[in-house]
Amino acid sequence: MLEEISDQLEKTFMDEEVNIKNGAGKKIEPDDKIILNVGGVKYETFRSTLTAYPETLLGIMFADRNKEMLHPMNGNEFFFDRDGYLFRHILQYYRTGMIHWPEPSSCHENSTHNTHFDSKKSTKPSDKSEIKDANTVPSYMFPFSRSELEQEMQYFLIPAASEDDDDDDNNSYNPPLTFANKAVVDNVNGFLNSLIDVMHQLAGLFEKHIFITFYHDRQPPIFSLITPNLNVVKNETAPFRENIRKLLLPYAGVGYTLLMNFEREIELYLKGEIPELNWSIEKPAGLPNRFILHLSFNDKFLKQQILRNSCLAKVIYTINSDKSKGHIDN
């Protein structure tokens, strides 16, 4: 009974894949079904499953234009001298568009998470060499490291992340962040937050424009509320000067490098956080190694909006009542 259900499920999933890739009712030619012999472990799939990802190694290899260059064994079998057990995760990419990382518990003997094997053949062999059919291999039997799978992904040209994957799916592949890159990420995030804080302080003083000059040579950034004199290195003597200076000082030199590399991305992020923001950046001719960033608001300071959304909203009714009462008394 279990065998019949298993066969029916396998046929159902096979029919679904064929219909999606080839169109319902289309006859599947014999050469569309191929066997991938990876390190002695055999996998069956369809050519169309692999060619759906034309930038990968298998997508290129089995493309129609390269058919004449293929040299199969036994008609439709192709051998790869790679790790046959890790290849299961590679093939899952072709079937789902994602790399599926096993849960930590799958390394333990009692777990059958993310495994595909025939219940009739569930006896655990004592050696890898005894297994020839990938569908009989529980994933907990052969734990692997992330670096091992990354090496296989590089060999088969599997992209680090799908370009169409816009969400933060925990099952999708995301390379680990190195120490140096994490430091830069922290600087990027700090820089973005500092610029937002600068604009917040600016608006709090009923100002709408600020010019910030970032230097390449680690010189502290300077700022002004008016178009800066390029020959004068002086900060604006406005009341908020010290607060702005503290916000910008950590990005002496770094701010220039971040703008040079991520200018467009920084602009888009800030405009997403501050919809009224105007952004322009200039690199003055004859004065190398500096960027002048001009930030401003396309906004108005509206008295009623400020009153209604501040603590002063509590006294608006009292003021209006007093005005009405005075009008009646008169």
What about [X] and [Y], same hydrophobic cluster or not, with Ile/Leu/Val/Met/Phe/Trp/Tyr joined at side-chain heavy-atom distances under 4.5 Å?
X	Y	value
Val41	Tyr155	yes
Tyr85	Ile35	no
Leu277	Ile212	yes
Leu57	Ile99	yes
Ile244	Leu249	no

Report yes or no: do [X] and [Y] form a side-chain donor-acceptor pair below 3.5 Å?
X	Y	answer
Glu276	Asn298	no
Asn181	Thr178	yes
Thr56	Tyr94	yes

Using the rule given for side chain to side chain contact (heavy atoms under 4.5 Å, CB included), can you reason through Lys208 versus Leu202, listing the C-alpha separation, both sets of side-chain angles and the distance that settles it, and then say yes or no?
CA-CA 7 Å; Lys208 293 186 177 183; Leu202 186 72; 5.8 Å; no

Would you confirm whether the ring centroid of [Y] sits within less than 6.0 angstrom of the ring centroid of [X]?
X	Y	value
Phe297	Phe206	no
Tyr251	Tyr256	no
Phe62	Phe78	yes

Flag side-chain contact, heavy atom, 4.5 Å: [X] against [Y]:
X	Y	answer
Ile90	Met153	yes
Trp279	Leu270	yes
Asp83	Val38	no
Phe156	Leu58	yes
Leu36	Leu50	yes
Phe211	Leu295	no
Glu44	Lys33	yes
Pro72	Glu77	no

Between the side chain of [X] and the main-chain N/O of [Y], is any donor-acceptor distance below 3.5 Å?
X	Y	value
Asn37	Gly40	yes
Asn243	Gln201	no
Asn193	Asn189	yes
Tyr43	Arg88	yes
Gln154	Gln151	no

Interatomic spacing from [atom1] in [X] to [atom2] in [Y] - rounded to 0.5 Å:
X	Y	atom1	atom2	result
Leu195	Leu247	CG	CG	9.0 Å
Arg290	Glu282	CZ	CD	11.0 Å
Ile60	Tyr53	CD1	OH	15.0 Å
Ile274	His200	CD1	NE2	9.5 Å
Gln92	Phe87	CD	CZ	10.5 Å
Thr51	Arg65	OG1	CZ	10.5 Å

Residue among Leu268, Leu192, Ile196 satisfying side chain to side chain contact (heavy atoms under 4.5 Å, CB included) with Glu273
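For Glu273, the side chain to side chain contact (heavy atoms under 4.5 Å, CB included) test succeeds with only one of Leu268, Leu192, Ile196, which is Ile196.
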
Knowing that exactly one of Leu293, Ile210, Thr213 qualifies, which makes a side chain to side chain contact (heavy atoms under 4.5 Å, CB included) with Phe223?
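When side chain to side chain contact (heavy atoms under 4.5 Å, CB included) is applied between Phe223 and each of Leu293, Ile210, Thr213, only Ile210 qualifies.
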
In this structure, are over 12 heavy atoms from other groups packed under 6.0 Å from [X] atom [atom1]?
X	atom1	result
Gln304	CD	yes
Lys271	NZ	yes
Met73	CE	yes
Lys283	NZ	yes

Working note: Asn289 + Tyr215, criterion side chain to side chain contact (heavy atoms under 4.5 Å, CB included); need CA distance, chi angles, decisive distance, verdict.
CA-CA 6 Å; Asn289 300 329; Tyr215 297 91; over 6 Å; no

Evaluate Tyr269 against Phe262 for side chain to side chain contact (heavy atoms under 4.5 Å, CB included), listing each step before the verdict.
CA-CA 11 Å; Tyr269 177 84; Phe262 309 111; over 6 Å; no

Do the ring planes of His294 and His209 sit parallel (below 30°), tilted (30 to 60°) or perpendicular (above 60°)?
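Aromatic pair His294/His209 classed parallel.
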
Can you see which heavy atom on Ala252 is nearest to which on Pro220, and at what distance?
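Shortest heavy-atom contact: CB-CA, 3.8 Å.
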
Shortest non-hydrogen contact between Phe191 and Gly255, atoms and distance
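For Phe191 versus Gly255, the nearest heavy atoms are CE1-CA, 3.9 Å.
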
Could you walk me through whether Met61 and Asn66 pass the side chain to side chain contact (heavy atoms under 4.5 Å, CB included) test, one step at a time?
CA-CA 6 Å; Met61 177 177 173; Asn66 295 324; over 6 Å; no

